[in-house]
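Read through the structure below, which is laid out as structure tokens, and then see the notes.
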Protein chains: 2
Amino acid sequence: MPEATYNQFCPVAMAAEILGSRWTIVLIRELCAGSTRFNDLRRGVPRMSTALLSKRLRELEAHGIIERRSVEGNSSQHEYHLTAAGKDMTDVIMAIGIWGQRWIDTELHLDNSDPALLMWDMRRSINQGALPLRRVNVQFNFNDVARNEACWWVVSDPEHGVDLCLKDPGFFVDLYVETDIKTMTAIWMGLASVTSALSNDKLLLSGDTDVANGMHDWLGLSLFAPYEKQVAPSD
Amino acid sequence: MPEATYNQFCPVAMAAEILGSRWTIVLIRELCAGSTRFNDLRRGVPRMSTALLSKRLRELEAHGIIERRSVEGNSSQHEYHLTAAGKDMTDVIMAIGIWGQRWIDTELHLDNSDPALLMWDMRRSINQGALPLRRVNVQFNFNDVARNEACWWVVSDPEHGVDLCLKDPGFFVDLYVETDIKTMTAIWMGLASVTSALSNDKLLLSGDTDVANGMHDWLGLSLFAPYEKQVAPSD
DNA sequence: CCGTATCCGGGGGGATACTG
DNA sequence: CAGTATCCCCCCGGATACGG
């Protein structure tokens, strides 16, 4: 945090002194999305070093945006929770995200999309209510991604929530999803639909027909998917 | 602008790559407030070097947020206008400002408030409709500010708009406003009222009674004044 | 799992001077 | 008025290794 402050009384400038440092906005987004544990936060900001993450968390705490709590029973475990001020920051994050969704040309960013991050975000928005009332295991295969990050399992269990695995959990696979990372990202961001990707042969579903047909329901999208892009894509 | 990008497809992260560099948020605020000329922008971000201002303007242009136009008749004069994308950024600036107004403790910032910046902001929000339909000249005296920035004249003319002068324009003075910089800033930010400052003897008005009595009307406040602070001030 | 400590390079950006 | 040009320091933040 630069003590080289803007020296302005304007609330925008004062808030900008917090938001202006690298990674802070993205980190707050991850906190607003619900992550509370250090390693969960890491998954949402994978390219941020642990040292910097730790530093930013202390800064946010000092600014009264988050609160650090010990997990009961284990004093070396901690959780980071948004304060009232932090929850109120959701409005800021949404405004920023809506602007980005509407005005930033995405082509470039789609190409080097990180599968781990995509799956981490997708996991969070899976709509269990649209899945059968039993354990459902969906295997995602990305055909254009390095082998060690190409295959993911999303296990939805009415009792345990949704789990994301990079190792085969060994369960029966209800649905196989085969696609490339760019298509999957575009769908999740609301720039393409399951239906259109299927008819383009960019997306292949095999397995349980009901689960396959319901994909556009149980696959929740990005919070910003509803906001239509206002600029034409570059290609 | 760091090419060291966040490498995330999330719209929040993509927008944060623009907003995250120093001064950018404050500069966009000034653009949203209506400044279009280089030197007008400077007055809104007085501590920013011209070199950096120029650089940021080029970046904003590259991002499609502003458009640089030549002033007709003089090709060496330029104006910076928000594009549609830039105008849409107003929502982001408002969200940030509202958050700042509600949650940031202002005490520290009020103390080193810059009178030039305050007057520049105040000038913009003067409500001419609440002033007599003639030229009105209000002289502000700050009793705790270095001599060369202590005295300002605000000249409102129905035909020419509102002008701000640091040199005596020589007109008859309709109203003298005597106060300290902290009080004036607090009033403009909505943290104090003209009435309360008068009764505290922090503010002294002399001259035309009508203009004095109407001050809380013609003195428009900060855009963020209506939003109530959610945290108790530190002192 | 949950961080801290330390090193170190690159560049962001402040200051100053100068031009058309 | 509207910027460029240049210097150069400092510190942000990436990388790596290590402790509880």
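Excluded from the calculations below are hydrogen atoms, water molecules and symmetry mates; all remaining heavy atoms, backbone and side chain alike, are included. The sequence lines fix the lettering, A, B, ..., with proteins before strands; numbering per chain opens at 1.
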Would you call [X]-[Y] a salt bridge at under 4.0 Å N-O?
X	Y	result
B:Asp121	B:Arg124	yes
B:Asp91	A:Arg102	no
B:Arg58	B:Glu61	no
B:Lys182	B:Glu107	yes

What is the distance from [atom1] of [X] to [atom2] of [N], rounded to the nearest Å?
X	N	atom1	atom2	answer
A:Arg56	D:dC11	CZ	C1'	12 Å
A:Leu52	C:dA5	CG	C1'	15 Å
A:Arg68	C:dC2	CZ	P	11 Å
B:Arg42	D:dA2	CZ	C1'	9 Å
B:Gln77	D:dG3	CD	C1'	12 Å
B:Glu79	D:dG3	CD	C1'	16 Å
B:Leu41	D:dA2	CG	P	10 Å
B:Arg58	C:dG12	CZ	P	13 Å

Is any side-chain nitrogen or oxygen of [X] closer than 4.0 Å to OP1 or OP2 of [N]?
X	N	value
A:Tyr6	C:dG13	no
A:Trp23	D:dG14	yes
B:Lys55	D:dT4	no
B:Ser76	C:dG20	no
A:Arg22	D:dG14	yes

Problem set entry | Side-chain heavy-atom pair A:Arg42, A:Thr50 within 4.5 angstrom cut-off | yes

Exercise. Are side-chain heavy atoms of B:Val12 and A:Phe224 found at a separation under 4.5 Å?
Worked result: yes

For this session: Test A:Glu79 against every option in A:Ile66, A:Asp40, A:Val71 by the side chain to side chain contact (heavy atoms under 4.5 Å, CB included) rule and name the one that passes.
Result: A:Val71

Exercise. Only one of B:Leu219, B:Thr185, B:Val154 clears side chain to side chain contact (heavy atoms under 4.5 Å, CB included) with B:Met122; which?
Worked result: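 Among B:Leu219, B:Thr185, B:Val154, the one that satisfies the side chain to side chain contact (heavy atoms under 4.5 Å, CB included) with B:Met122 is B:Leu219.
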
Exercise. With distance as the sole criterion, do the side chain of B:Ser49 and the base of C:dT16 form a donor-acceptor contact below 3.5 Å?
Worked result: no

Exercise. Paired stems touching DNA chain D, three or more consecutive Watson-Crick or G-U pairs with both distances under 3.5 Å?
Worked result: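 Counting only runs of 3 or more consecutive pairs, the stems involving DNA chain D are C:3-20 with D:1-18.
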
Problem set entry | Nearest-nucleotide 5' precedence on DNA chain D, A:Gly20 against A:Thr50 | A:Gly20

Exercise. Among residues 27-40 of chain B, which contact DNA chain D at a heavy-atom distance under 4.0 Å?
Worked result: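 Correct list: B:Arg37, B:Phe38, B:Asn39.
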
Exercise. If every non-hydrogen atom of B:Ser156 is compared with every non-hydrogen atom of B:Gln128, which pair is closest and at what distance?
Worked result: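 Smallest interatomic distance, heavy atoms only, reads OG-NE2, 2.9 Å.
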
Exercise. Given the C1' atoms of C:dC2 and D:dA17, what is the spacing between them in whole Å?
Worked result: 15 Å

Exercise. Under 3.5 Å, is there a donor-acceptor pair between the B:Trp23 and B:Glu30 side chains?
Worked result: no

